[in-house]
Amino acid sequence: MPFHFERKPSLVAYVTSGDPDLATTREVILAAIAAGSSVIELGVPFSDPLADGPVIQRASERALKHGTSLDQVLKLAAEIREQSQSVGLIIFTYLNPMLQMGLEKFCKIARLAGVDGVLVTDLPVEEAAPYLAEMRKNELAPIFLAAPTSTDDRLKRIAKVSSGFVYAVSRTGVTGARKQLPEDAQTLVRRLRKYTKLPIAVGFGISTPDQFAAVGGYADAAVVGSAIVDIIERSPGKEAQSVGEFVKRLLANKP
Amino acid sequence: MATAKITSAPNKHSSTAPKSVPGRFGVYGGRYVPETLMAALEELECEYDKAKRDPKYQKRLDLLLRTYAGRPTPLFFARRLTEKLGGAKIYLKREDLLHTGAHKINNCLGQALLVERMGKHRVIAETGAGQHGVATATVCALLGFECVVYMGTEDMRRQELNVFRMRLLGTEVRGVDSGSRTLKDAINEAMRDWVTNVRTTHYLLGSVLGAHPYPTMVRDFHRVIGREARAQILKAEGKLPTAIIACVGGGSNSIGIFYDFIKDKKVQLIGVEAGGRGDQLGDHAARFRGGSPGVLQGTYSYVLQDRAGQIATTHSVSAGLDYPSIGPEHAMLKDLGRAEYIPASDQEALEATTLLARTEGIIPALESAHAVAEVTKRAPKMKKSEIVLVNVSGRGDKDIGIMREHLKIEG
């Protein structure tokens, strides 16, 4: 799978597609790639983002105000792929928009667009069989969340069906910045290592260069989402430039 | 062809989900939540399975239902309403007489005793009309739990009385300002709290919605409605009713009264949805009129949504019916043709409220008034020898403000 986590930690950058509009999202992503992001998570806005904190909720609302759809996000993915062959591209979505498009159609289009993997926030492993079948048919990597509350049995099942990498949720809670990363994250990565050789990315709550660098001590990558979305919200007119600078700051801090 | 695409989705799921899978109702139901909540749902399922088989738990629940909540509730023959409509004999199942004023207490007592067993001390809940919020606040006061209820600010405005009741009971009511500021948004916020505090907190979900085991467990706690009603009607009339009518928001009171009659194939089961103020998406909450299968808030069922899978806003004069999805078991009963679902409009519900108040001296909740509205249409067309049973799921005190606003009552 084309996820290259050469640097420790590598950066997985999340953006809500269509916030404030698709053209800006495209510029933001290209800036994040130029600044050294290894993987881009293209967030699909959803009307009821129950796993997200206020920052991404607001971004989703802004994106939905002008009707950003999964179709458009997949088109955006294809445009990004044309610009960068090496970056990892992931669609990050809630299940319903994907279900309404149809799993089969979604996976086919995603593959043609050059998408590498998909993460569905509200699709746990036991409900994933039909999705996994379509994903495999199209050589897409299904990426699952592992949580601090996941039992060992669940971690085993998650490791078994994942490919690409596993996304370890740093703490119980919704997305969004936190002052401190709890012990939870490191413990979870250690538990998860027993069951998988795949790279592990840690996400939820990482917003500062120090927090980012610290993840390199025990995991392969760190996901930064709300912090980037927050910068987009606060930098009207110079979103791409601000995100590019932020990504550089994150990656400049050598662990 | 949007419909074709949508209907293909459940089949894909069903291919790997045999009917025996717990939490599945045909192709509907399931458990679609973030991984962080999965262990808690597994724990809850396991604890509920154990409690079901534990005579001590059952005994304690039965005692509370009798001595605290006020079960059994009467089945009342509505003589004047029957005469006025001139058709079938109408019986009312009086869930409105329960402590806290609605059927919701059945489920709250059941879940609260589970909370004790799991050793948790903090309870959260969502509420639309405030009836589930009040029932949750009540059981938390009874058992000494910390309680937080999430409620859309639009619902807080229109169900102000219940907001005060919850606060009086020692519960913290947190207003939710996102989306349409109603029940759906309150559930999102409750889920966000739960995903954050899952280790110490139980989510006392108030309807047959959400991820497994909620739709099954909440139904089981409300089955007592139908079980009693079946015995009561047999005692009173020596035969089963032709039809049972109940309103359907998430669908807890309706599944509760339907469930023990499902095997009685000749008994028609009729669920009444909120027809709101019109047929346009956004003007009603009739999921079986304008909805299609999809996943919302943990379960696969009928959902009011646009073609891209974004959830639609809803409208109903009744906060308790104002929700874009419906319990997955209802979706199955609808597809099987075992139950029938019909909308009643805001206006019809308001008229039915006045009618029941003036013929029987019973002021129903606006939710339950939707069921009464349907009986006014149906009973006149039925034979006098037939019986129709209406679930009066709650009383109307909480809606007095809305009724005053809409009903032009002199004096």
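Residue numbers begin at 1 in each chain, while the letters A, B, ... track the order of the sequences. Since we're looking at a predicted model, the values are computed, not measured.
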Measure the [atom1]-[atom2] distance between [X] and [Y] for me, rounded to the nearest 0.5 Å.
| X | Y | atom1 | atom2 | result |
| --- | --- | --- | --- | --- |
| N188(B) | S47(A) | CG | OG | 8.0 Å |
| E35(B) | T121(A) | CD | OG1 | 12.5 Å |
| L64(A) | D306(B) | CG | CG | 8.5 Å |
| L37(B) | L50(A) | CG | CG | 8.5 Å |
| T149(A) | L41(B) | OG1 | CG | 10.0 Å |
| Y300(B) | L99(A) | OH | CG | 6.5 Å |

Within a radius of less than 6.0 Å around [atom1] of [X], do more than 12 heavy atoms belonging to other residues, nucleotides or ligands occur?
| X | atom1 | value |
| --- | --- | --- |
| R289(B) | CZ | no |
| E172(B) | CD | yes |
| D279(B) | CG | no |
| E79(A) | CD | yes |

Where [X] and [Y] come nearest, the two heavy atoms and their spacing:
| X | Y | value |
| --- | --- | --- |
| V195(B) | T172(A) | O-CB, 3.2 Å |
| A308(B) | Q100(A) | C-CB, 4.4 Å |
| P97(A) | Q310(B) | CG-NE2, 4.4 Å |
| P124(A) | V33(B) | CD-O, 3.7 Å |

Worked verdict on E127(A) versus H212(B) for side-chain contact (heavy atoms from CB on, under 4.5 Å) = CA-CA 12 Å; E127(A) 301 287 2; H212(B) 178 60; over 6 Å; no
Select one option (side chain, backbone, both, neither) describing which atoms of [X] are under 4.5 Å from chain B's heavy atoms.
| X | answer |
| --- | --- |
| L145(A) | both |
| A146(A) | backbone |
| D52(A) | backbone |
| P54(A) | neither |

ask   = Which of the residues S150(A), G67(A), A51(A) is involved in the greatest number of heavy-atom pairs with chain B at under 4.5 angstrom?
value = S150(A)
ask   = Who wins among D48(A), T151(A), V174(A), D153(A) for the most heavy-atom pairs under 4.5 Å with chain B?
value = D48(A)
note = Okay, L296(B) and chain A: the region with an atom under 4.5 Å from a heavy atom over there is side chain
key: Contacting moiety of E42(B), where chain A heavy atoms sit under 4.5 Å   = side chain
ask   = If you measure from the Lys or Arg side-chain nitrogens to the Asp or Glu carboxylate oxygens, is any gap between D184(A) and R199(B) under 4.0 Å?
value = yes
request  = Test Y94(A) against V295(B) for side-chain contact (heavy atoms from CB on, under 4.5 Å), laying out the working first.
outcome  = CA-CA 9 Å; Y94(A) 287 84; V295(B) 165; over 6 Å; no
request  = Could you tell me whether the side chain of N96(A) and the main chain of G309(B) form a donor-acceptor pair under 3.5 Å?
outcome  = yes
key: Pairwise side-chain contact, P49(A) with R192(B), heavy-atom cut-off 4.5 Å (strictly under)   = yes
